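Read the structure below first, then the notes.
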There are 2 protein chains.
Amino acid sequence: MPVTIYDVAREAGVSMATVSRVVNGNPNVKPTTRKKVMAAIERLGYRPNAVARGLASKKTTTVGVIIPDISSLFYSELARGIEDIATMYKYNIILCNSDQRLEKELQLINTLLEKQVDGLLFMGADIKEDHLDTFSTASVPIVLAATRDPDSLLPSVTINHFQAAYDATQTLIERGHKRIAMIASPPSDPLAGLLRFEGYKQALHDAGLPLHDELVTGGNYFYQSGLNAMNSFLQLAEPPTAVFATSDEMAVGAIHAVQDAGLRVPDDIEVIGYDNIRLAEMVRPRLTTVVQPMYDIGAVAMRLLTKYMNNEHVDDHVVQLPHRIEFRESTRTENV
Amino acid sequence: MPVTIYDVAREAGVSMATVSRVVNGNPNVKPTTRKKVMAAIERLGYRPNAVARGLASKKTTTVGVIIPDISSLFYSELARGIEDIATMYKYNIILCNSDQRLEKELQLINTLLEKQVDGLLFMGADIKEDHLDTFSTASVPIVLAATRDPDSLLPSVTINHFQAAYDATQTLIERGHKRIAMIASPPSDPLAGLLRFEGYKQALHDAGLPLHDELVTGGNYFYQSGLNAMNSFLQLAEPPTAVFATSDEMAVGAIHAVQDAGLRVPDDIEVIGYDNIRLAEMVRPRLTTVVQPMYDIGAVAMRLLTKYMNNEHVDDHVVQLPHRIEFRESTRTENV
DNA sequence: CTGTTAGCGCATTCAA
DNA sequence: TTGAATGCGCTAACAG
């Protein structure tokens, strides 16, 4: 029932090859016949079949995107960066949630490869051998966004988490704090999470401060875990006077735990977060936080992928975007 | 270079039709030959080409999803519901951001149709004639999520915004308030937005309360607009004693405006929001709000779409999901 | 239960 | 500048 390139050819009194040429903007077509064909296309309401085109040309102008959870404040921001750049380069994206489950991740990679995507963008904390094995069966480029494989074999876009955590901790140290707690990442995030812990440790060490085990708790990046962590800190004989959380949600949870206990942020306890999601500006006091440019990470990762898909030259397959600290009211303006 | 169904057929010593049968789980294959074929598939690392399959079968097991902004707290939650159900029914989704721009929306519909999606899920406040015209050129089913066309011609999944707004307003009325402000929706949302305003008006009217023009301001659903709106209310000679905002972000902005002015929520001013995004639980006081089941709207819309795609019977093409009010601390527990 | 044969709608040589 | 012919990899009758 749908009108095909044949119908247009007949209607315009030319061959299908000619129709194909005008549809694809091939310049080798006489303006008059081009006009004829355009008219026929218009008249028939012809809509090119991208699947047929994909089969013939071996390009689908579609890329696969594997994301842990699109409803996450963090990843949805990343996804927007990805999609914007994809659109800019005429690609569509097939989006899949993985929930970071290995099995599902591997299955999604295969499904997307079956669908003949021109490239793959992968997000997820932990890159195992299994991932690498599956990736290696792909004949299209793959880029990691907001994560890296242990040996940095694959192209990736991240920030320097070690340095970012170091800077955050140092900020607190400079304010005179001796007991700085950390609400850390879950073990399921062995790379970025560990790096942040190392940065925290190093900053303490460089300042000659001891590392107190009881001042480090693992969270799961969500609000409630930050709230819980802070509550337990508050029950310590000697509670911390400052807290560094590895996500903004956890940091906000910590703030509320402090407030619920009748104390004040930043007067009694200073808090610094991580990511700079929009939530950071939607609390009182507004959150001081390490800026991880989520949108840019997504955008740059997608741009990198387009380069690979077009066989363009890329200087460095591992890119680290700059980070900084956005100072708001959950930390004090002057040093103690 | 990639291995095709032919290669597998040769390797297994059968015809390609047989390979196709085992790949597609057709029961009409002798167990022994099935085993042979499976082994060949394994040995060669065969991966079926979904594009070729799509061309031959006229099914892509892919649906197009047009969403205003995936980084929005509201829509990303919807998207998750959509994707989960899509996965459950073996579909993948091509996700596209429209920013609610008419031109882009129409272009996206066409692109997705070119890609031969098996169905289309559309989100966006305003459905114009242009949309309907473009939809009518599609030969695949289309479902609207979290919106409706003016004449309800298309299948859609929403809540009853009129009633929800009525309920929210009435809740405030029951607490004895006489001056209830509304931070309303933008004019770009003529359907759901208007319905909420009508619900507010009706509730006031039914209670014999006058509608004060100065107590109604339009917002754009974002935090800052709620904050600004509340600030201007606060400068009124006679400020409101309660506020109903048509989004949680705006409601939280309103709370902060109240707090920044040295007043207290709910003691001085009660606030009720709309949507019940996760933010509602990440503020102090936690937000009382109208629950719009975003995830379910997405899930039900996708389920509805699968029914159409499978030519299953559907009882009612316009579905309204139930809403309710979640009471938290931005409203008082007892009546005044 | 299995093989043969046609397309699916298009891009892309190759000739003309 | 144009047309004819071929094949992309697979599904789906149909025949056996």
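On a predicted model such as this, the values are computed, not experimentally measured, just so you know. Labels below follow one simple rule: chain letters A, B, ... track the order of the sequence lines, proteins then strands, and each chain is numbered from 1.
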Seminar exercise, completed: Quick note, salt bridge (Lys or Arg N to Asp or Glu O under 4.0 Å) partners involving residues 298-308 of chain B, not counting sequence neighbours, are B:R303-B:E312

Exercise. What pairs with B:M309 under side chain to side chain contact (heavy atoms under 4.5 Å, CB included), at least two apart in sequence or on another chain?
Worked result: B:V63, B:Y91, B:D118, B:P141, B:L305, B:T306

For this session: With sequence neighbours excluded, tell me which residues meet ring-ring contact (aromatic ring centres under 6.0 Å, His included) with A:Y221.
Result: none

Problem set entry | salt bridge (Lys or Arg N to Asp or Glu O under 4.0 Å) contacts touching residues 133-157 of chain B (sequence neighbours left out) | none

For this session: Taking atom types as modelled, find out whether B:Y89 and B:N310 have a side-chain donor-acceptor pair closer than 3.5 angstrom.
Result: no

Seminar exercise, completed: Taken in chain and number order and not counting sequence neighbours, the residues that satisfy side chain to side chain donor-acceptor pair (under 3.5 Å) with B:Y6 are none

Exercise. With sequence neighbours left out, what residues match B:S98 under side chain to side chain donor-acceptor pair (under 3.5 Å)?
Worked result: none

Exercise. Among pairs that include at least one residue of residues 27-43 of chain B, which meet side-chain hydrogen bond (donor to acceptor under 3.5 Å, both in side chains), considering only residues two or more places apart or in two chains?
Worked result: B:E11-B:R43

Exercise. In residues 25-38 of chain A, what residues come within less than 4.0 Å of DNA chain D, judged by heavy atoms?
Worked result: A:N28, A:V29, A:K30, A:T33

Exercise. Any salt bridge (Lys or Arg N to Asp or Glu O under 4.0 Å) pairs touching residues 62-77 of chain B, not counting sequence neighbours?
Worked result: A:R80-B:D69

For this session: Summarise how protein sits on nucleotides 9-16 of chain D as a single string, 5' to 3': B when a protein heavy atom is under 4.0 Å from the base, S for sugar-phosphate-only contact, - for no contact.
Result: BBBBB---

Exercise. Who passes ring-ring contact (aromatic ring centres under 6.0 Å, His included) against B:F122, sequence neighbours left out?
Worked result: B:H131, B:F135

For this session: Can you pull out how bent the helix from C:dC1-D:dG16 to C:dA16-D:dT1 is, comparing the axes over its first five and last five pairs, to 10°?
Result: 30°

